[in-house]
Structures are given as C-alpha cells and as structure tokens.
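Beneath this line is the structure, given in structure tokens, with notes to follow.
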2 protein chains.
Amino acid sequence: MSFPVPGRKPISIKDIARQANVSHSTVSRALRNSPLVHPDTAEKIREIATSSGYRVSAVARSLVSRRTQTIGVVVTTIADPFNAEVVSGIEDVANAFGYSVFLASSQSDPVRELGVVHSFAERRVDGIIVNSSRVGSLYQELLSSLSIPVVFINNHNPGGFAYSVSIDDVAGARQITEHLLGLGHTRLAYIGDRFGLQSNLDRMAGFQDVIERAPQARRPARVVYGDGTSAGGAQAMGELLASNQAPTAVFCYNDRTAQGALSAIHEHGLRVPEDISVAGFDDLPVSSFCHPPLTTLRQPMNGMGRQAMEILEQLLSRNPKAPDMANKFVGDLIIRRSTGVPSIGKQL
Amino acid sequence: MSFPVPGRKPISIKDIARQANVSHSTVSRALRNSPLVHPDTAEKIREIATSSGYRVSAVARSLVSRRTQTIGVVVTTIADPFNAEVVSGIEDVANAFGYSVFLASSQSDPVRELGVVHSFAERRVDGIIVNSSRVGSLYQELLSSLSIPVVFINNHNPGGFAYSVSIDDVAGARQITEHLLGLGHTRLAYIGDRFGLQSNLDRMAGFQDVIERAPQARRPARVVYGDGTSAGGAQAMGELLASNQAPTAVFCYNDRTAQGALSAIHEHGLRVPEDISVAGFDDLPVSSFCHPPLTTLRQPMNGMGRQAMEILEQLLSRNPKAPDMANKFVGDLIIRRSTGVPSIGKQL
DNA sequence: CTGAAAGCGCTAACAT
DNA sequence: ATGTTAGCGCTTTCAG
C-alpha cells in the first residue's frame with residue numbers, strides 16, 4: 001500500500017543547493033526573493049524547489065527568528081456556539097496576518113487551563129487570547145509572568161495587566177430589563193449561570209439595578225441558576241414554573257439558557273410571549289430561528305474575536321501603536337417575538 | 001507600565017547550566033528525568049529551572065526530534081456546530097496524547113483550503129485531520145504527496161488513499177424516510193444542500209431509494225435546496241410551502257436546515273407535526289430544545305472526532321497497528337416530536 | 001555520572 | 001552575486 005511514511009525526511013535547502021550547484025544560503029535567499037541573487041539562478045532554484053515539493057521548515061526558521069507566527073487561543077469549550085463565533089473571528093484575521101492558531105479547551109478546569117497555557121509557552125506562541133476564562137486570578141499571575149502578550153475576551157482582569165475586549169454586560173442587561181419593564185411586566189426573574197462568572201454577576205447587577213428603580217416591579221425579583229446550557233436553562237425555568245407566583249418575564253444569562261427556558265415553558269403547556277416573555281443575551285445565529293424568535297442582546301462575537309486578534313497583531317508588530325487596554329463593546333437590543341405585553345389574566 | 005516585552009529572550013538550558021555549574025547536556029538530561037544524572041545535581045537543576053520559570057523550547061526540540069507533537073485540523077468553518085463538536089472530540093484525545101492542535105478554516109474556499117494545508121506542512125505537523133471538506137480531488141493529490149498521515153471525516157475520498165471515519169449517510173437517510181413512511185405520510189420532500197457534498201448526495205440517495213420502493217408514496221418526491229444553514233432551510237421550506245401540493249413530511253439535509261424549516265412553517269401559520277412533519281440529520285445539542293423537539297438521525301460527532309484522532313495517533317506511534325482505512329458509523333434514529341401521523345384533513 | 005562535540009534546517013553576518 | 005561561518009536551543013552520540 002502506498003501510504004506515505006510518517007518519518008520520511010522532508011527535503012531541505014541543502015538538498016536543493018546540491019542539485020542547483022550553489023550554496024544553501026543562496027537557496028535560502030532565492031526562496032525568499034532576495035534581490036541579492038541572480039535572476040537566472042533564482043529561477044533555477046525556484047524551479048527545483050517547486051518540482052521537488054519543497055516546503056520551508058517553519059520550525060527551523062522559528063528557531064533563528066525567535067518568532068513562530070503562531071498564537072494560542074484558550075476557550076472553555078469550542079462546542080459553545082458563542083466561543084465558536086469568537087474563535088472564527090480570531091482565526092479569520094490571524095490567517096490574514098499570516099499567523100496560525102493553536103486551539104485548546106480548558107473544559108473550565110483550572111488545572112487543564114494552566115496546562116494548555118504552559119504548553120503554549122513551550123511552543124513559543126507569539127501571543128495568547130483567552131476567551132471566557134472561568135479561572136481566577138492566580139492564573140492571571142502566571143500569564144503575566146510569561147512575557148507573552150495576552151488579550152482577554154469577556155474576562156475581567158482585576159490585575160489590570162493585560163489587554164481586554166469585552167461587552168458591556170451591565171448596560172446590556174439594563175437594556176433588556178428596561179425593555180421588559182416597558183412592556184408592562186412587573187414580575188420579572190433572572191436565570192443566571194451558577195459558576196460565578198463575572199459576566200453573570202454584571203448581567204445580574206444590571207438587571208437588579210433597573211428593578212430597584214422601578215416602583216411597579218415586584219421585589220426582590222426571583223433569581224435562579226442554570227449552567228449556561230439549554231439543559232440548565234430548562235431545569236431552572238422548571239423551578240420558576242413550579243412556584244405559585246411564576247414570573248411573566250424572564251431574562252436569561254445567555255441565549256442557550258433562554259432556549260432551554262423556552263423549551264420548558266412549552267413543555268409546561270404555556271405560550272411565549274402570551275403567558276411568559278423570555279429574553280436572552282448573545283444573539284447566536286440560531287436564535288432568530290427559535291420559536292418564537294428570541295429577543296436578545298446582540299454581542300458582536302465575531303467582531304470581538306477579530307478585535308482581539310487585531311490588538312495582538314499590533315502588540316506583535318515592530319512598532320506597536322499601543323492599543324487601548326480595555327475595549328468595551330456595547331451590544332444591540334434585538335427585539336423579536338419572544339417578548340410581549342403581559343396578558344391581563346396573568347397579571348391580576 | 002509593566003507590560004511584558006514581546007521580544008524578551010526566554011531562558012535556555014545554557015542559562016541554567018551556568019547557574020548550576022554543569023554542562024547544558026546535563027541540564028537537558030536532568031530535565032527529562034534521565035537516570036544518568038546524579039539525584040543531587042538533578043534536584044538542584046530542577047530547582048533552578050522551576051524558580052526561574054524555565055520552559056523547554058518545543059521548537060528547538062522539534063528541530064532535532066523531527067516531531068512536533070502537533071496536528072492540523074481543517075474545517076470549513078468552526079461556526080458550524082457540527083464541526084465544533086467534531087473538533088471538540090479531536091482536541092480532547094489530542095490533548096490526552098500530548099498533541100497540540102492547529103485549527104484552520106477553509107470557508108469552503110478551495111484556494112484557502114490548499115493554503116492552510118501548505119501552512120500545516122511548513123509547520124511540520126505530525127498529522128492532519130480534514131473535516132467535511134468541500135474541496136475536490138485535485139486536493140486529494142496534494143495531501144498524499146505531503147507524506148503526512150491524513151484522516152478524513154465525513155469526506156469521500158475517491159482515491160482510496162487516506163483513512164476516513166464517516167457516518168453511513170445512505171442508511172441513515174433510509175431510517176428517517178422509513179420512519180416518515182411508517183407514520184403514514186405519502187407526500188414527502190427532501191431539502192438538500194446545494195453545494196454537491198457527497199453526504200448530501202448519499203442522504204438524498206437513501207431517501208429516494210426508500211421512496212422508490214414505497215407504492216403509496218407520491219413520485220417523484222419534491223426536492224429543493226438550501227445551503228446547510230437555518231436561513232437556507234427556511235428559504236427552501238418557503239418554496240415548498242408556496243406550491244399548491246405541499247408535502248406533509250420533510251426530511252432535511254441536517255439539523256440546521258431543519259430548524260430553518262421549522263421556523264418557516266411556524267411563520268406560515270402551520271403546526272408541526274400536525275400539519276407538516278420535519279426530520280433532520282445530526283442531532284445537534286440544540287435540537288432537543290427546538291419546538292417541537294426535533295426528530296433526527298444522531299451522528300456521534302464527538303466520537304467521530306475522537307476516533308479520527310485515535311487513528312492518527314496509531315499511525316504516528318512507533319509501531320502502528322494499521323488501523324482500518326474506512327471506519328463507518330451508523331447513526332441512531334432519534335424520534336422526538338417534530339414528526340407524527342399526518343392529519344386526515346391534510347391527507348385527503 | 002558528566003562533558004565535549006556534532007547536528008537538526010534555517011537565517012544572517014561577514015567575506016569575497 | 002555568491003560562499004563561508006556562526007548560531008538559534010535542544011538532543012544525542014561519543015569519550016572519559
């Protein structure tokens with residue numbers, strides 16, 4: 001069978017040099033289009049290189065240049081569509097700038113997260129982007145000791161060391177909550193994420209803050225917790241539904257949670273938004289195809305990934321333009337049909 | 001500001017050797033726990049290494065070992081939840097085996113796909129996994145010329161060169177179609193993917209085949225095309241709905257398409273499954289939270305990713321156990337509530 | 001047990 | 001315009 005042998009030694013510039021009767025440095029020059037080599041020899045060399053299927057060794061090159069043209073991206077899990085969108089944005093501009101990206105999941109396990117960062121350090125990545133880390137501050141220290149530029153996405157960094165791009169969670173939650181209040185709801189609830197993420201804290205804070213100032217709102221507003229997935233959202237919604245004073249409007253930590261809530265409400269035989277309004281956060285691609293289409297706060301996920309990579313690229317360029325440390329996006333309120341005025345019957 | 005300087009030179013075994021008053025080769029040995037070094041010196045060396053934050057340079061090591069402990073993964077886009085799940089499985093076992101993964105998206109652009117493969121080759125990845133390529137056979141040639149082991153996922157390879165893991169699309173489509181027929185439907189339709197993927201061809205073939213043998217089924221069955229996304233599915237479903245002889249059951253190329261179809265049906269004021277039954281293919285995590293929960297054919301996405309990486313690892317090990325070339329999974333029919341018996345009114 | 005020396009494939013002076 | 005030499009940080013003989 002003609003399967004390629006893994007260990008087969010790739011051809012090197014020396015091999016080409018021999019064939020072309022020149023020194024290996026001339027080959028090196030020719031292959032990088034240096035003007036210092038005679039057009040004819042250059043052509044000859046390139047020809048041999050092409051026909052022999054030569055490919056520079058990025059590893060050898062990196063050893064001398066001290067640059068790998070490589071970045072590391074840490075996510076909790078790529079199976080979360082939010083992270084996937086962000087990574088997609090990162091990858092896009094990384095590719096445009098000639099960087100390759102290492103992807104590693106932490107599975108929200110601090111040990112594993114430290115592990116992948118160490119592995120990135122050994123691989124001498126030029127930069128690191130950490131997305132939605134659930135790991136705390138001890139880790140922050142490690143990162144800053146690495147002397148590798150790091151950009152955080154949606155991750156509060158108490159240290160104030162690194163660069164970050166994030167969404168304004170508080171403002172976003174306010175917008176959603178005001179929208180709900182504006183519709184006439186008075187019994188609101190929040191379904192959070194139980195892992196104590198800063199983003200959850202902030203969204204809840206925005207929610208509570210608006211509730212505090214609304215005389216008509218029932219206080220304290222109910223708060224229950226999911227785990228950021230649809231299953232968690234469904235289960236949390238179940239708790240809300242089981243109480244005798246169920247809310248008429250629910251704001252969910254994210255769209256996945258909201259989808260679970262939607263599902264639980266339907267299973268319970270109630271309608272959205274007639275019986276209960278539901279709002280999410282993120283605006284995942286799938287959210288406009290929910291039933292009913294989900295009202296949510298759109299985060300520019302792709303754009304945030306892109307910006308993070310652009311910052312990194314700046315940091316890595318010969319003369320960095322000193323990007324802003326904290327880059328905060330404000331999301332857009334997307335009103336669809338999962339939120340509506342509370343029905344009279346329910347309200348009384 | 002104390003931001004780490006990108007260019008700062010990492011410390012090397014030579015630095016440690018100097019501090020420990022030994023040669024750099026002794027340091028190299030000690031750090032890899034060679035028994036050839038005296039416990040005391042070894043301890044001393046490790047101490048210095050730890051306290052100084054030393055990290056081996058994987059690039060220098062790779063240069064001599066001719067192994068990068070790195071694999072490259074090509075996907076069309078990571079924003080497709082199917083790919084994300086697969087990559088998640090790959091990453092998981094890669095991590096367990098000590099490999100890092102490069103992720104690159106082709107955006108279904110052949111030129112870009114060739115580009116990322118070349119970049120993988122230059123980076124001297126030990127192996128490559130190609131997921132759901134939309135690129136044809138010319139590319140097949142490139143890959144086999146690379147002398148790097150390649151494993152394909154859900155990608156027919158006419159050449160028969162490389163290893164592959166895939167789902168049995170034909171059998172899966174048959175199961176879905178038989179389920180629909182068994183419910184009593186006679187007017188079925190298929191919403192395909194217009195990009196001519198082999199998987200689309202196979203699913204359609206399985207569908208058609210079952211229809212052919214069913215005397216009660218209306219023939220030919222309607223076939224319209226989406227693009228594999230929910231938006232495409234919604235649009236294609238719209239076409240079906242516009243005709244005066246709309247089907248009572250629709251089988252969709254994948255779950256994303258099915259979600260779009262669901263949405264279009266609801267927009268049209270019809271109910272699922274009372275008016276129209278809808279079935280998908282994949283069983284994405286979100287599919288059980290659709291309204292109604294989606295009947296579909298479950299692919300072990302994560303498992304397929306895992307298996308692909310396991311095969312690669314075998315191929316890369318010192319004494320490969322010669323894995324099977326073609327590894328075909330058969331999916332599970334997951335019956336939820338988006339399919340049901342056709343209503344009498346509609347049937348007449 | 002430890003050190004000296006060679007070499008992995010490339011780039012970058014430094015000569016010529 | 002080209003060749004020679006050195007060196008990137010590590011592993012690996014080969015001597016002691």
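In what follows, chains are A, B, ... by sequence order, proteins preceding strands, each numbered from 1.
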Begin with the C-alpha distance, continue with both residues' side-chain angles, and end with the deciding distance and a verdict on salt bridge (charged side-chain N to carboxylate O under 4.0 Å, His left out) for B:Arg112 and A:Glu91. CA-CA 13 Å; B:Arg112 186 158 166 180; A:Glu91 214 263 331; 3.3 Å; yes
Would you indicate which nucleotide in D:dA1, D:dC10, D:dT12 comes nearest to any side-chain atom of A:His38? D:dA1
Checking D:dT11, D:dC8, D:dT4 against the side chain of A:Val64 (C-beta onward), the nearest is D:dC8
Nearest whole angstrom, please: distance from the C1' of D:dT11 to the CD of A:Glu122. 15 Å
Exactly one of A:Asp126, A:Leu312, A:Thr70, A:Thr68 clears side-chain contact (heavy atoms from CB on, under 4.5 Å) with A:Tyr99, and that residue is A:Asp126
In terms of side-chain heavy atoms of A:Leu63, which of D:dG9, D:dC10, D:dT2 is nearest? D:dG9
So, under a plain 3.5 Å distance rule, would you say the side chain of A:His24 forms a donor-acceptor pair with the base of D:dT4? no
Polar pair under 3.5 Å, donor/acceptor by atom type, side chain B:Arg29, base D:dT13: yes
Mind calculating the distance between CD1 (B:Ile11) and P (D:dG9) to the nearest angstrom? 11 Å
Outermost DNA chain C nucleotides near chain B [under 4.0 Å, heavy atoms]: C:dC1 to C:dG9
Is the distance from OP1 or OP2 of D:dT11 to the nearest side-chain N or O of B:Ser28 less than 4.0 Å? yes
Is it true that B:Ser28 and B:Arg32 share a donor-acceptor pair across their side chains at a distance under 3.5 Å? yes
So, does the side chain of B:Ser25 form a donor-acceptor pair with the base of D:dT11 at under 3.5 Å? no
Integer-rounded Å distance: D:dT2 C1' and A:Leu31 CG: 16 Å
To the nearest Å, give me how far apart CG (A:Asn21) and C1' (D:dG3) are. 13 Å
Given DNA chain C, 5'-ward residue of the pair B:Arg124 and B:Val37, judged by closest heavy atom: B:Val37
Nearest whole Å is fine: how far is D:dC10 P from A:Arg123 CZ? 14 Å
Taking atom C1' of D:dT2 as reference, at what distance in whole Å does atom CD1 of A:Ile13 sit? 14 Å
Please identify which of these residues, B:Ile128, B:Val74, B:Val117, B:Ile129, meets the side-chain contact (heavy atoms from CB on, under 4.5 Å) condition with B:Val150. B:Ile128
Whole angstrom is fine here: how far is it from CG in A:Leu36 over to P in D:dG3? 13 Å
Between CD1 of A:Ile45 and C1' of D:dA1 the distance, given in whole Å, is 11 Å
When you look at A:Tyr163 and A:Phe152, which way does the ring-ring contact (aromatic ring centres under 6.0 Å, His included) test go after all the steps? CA-CA 6 Å; A:Tyr163 292 85; A:Phe152 287 93; over 10 Å; no
Can a side chain N or O of B:Lys9 be found less than 4.0 Å away from OP1 or OP2 on D:dG9? yes
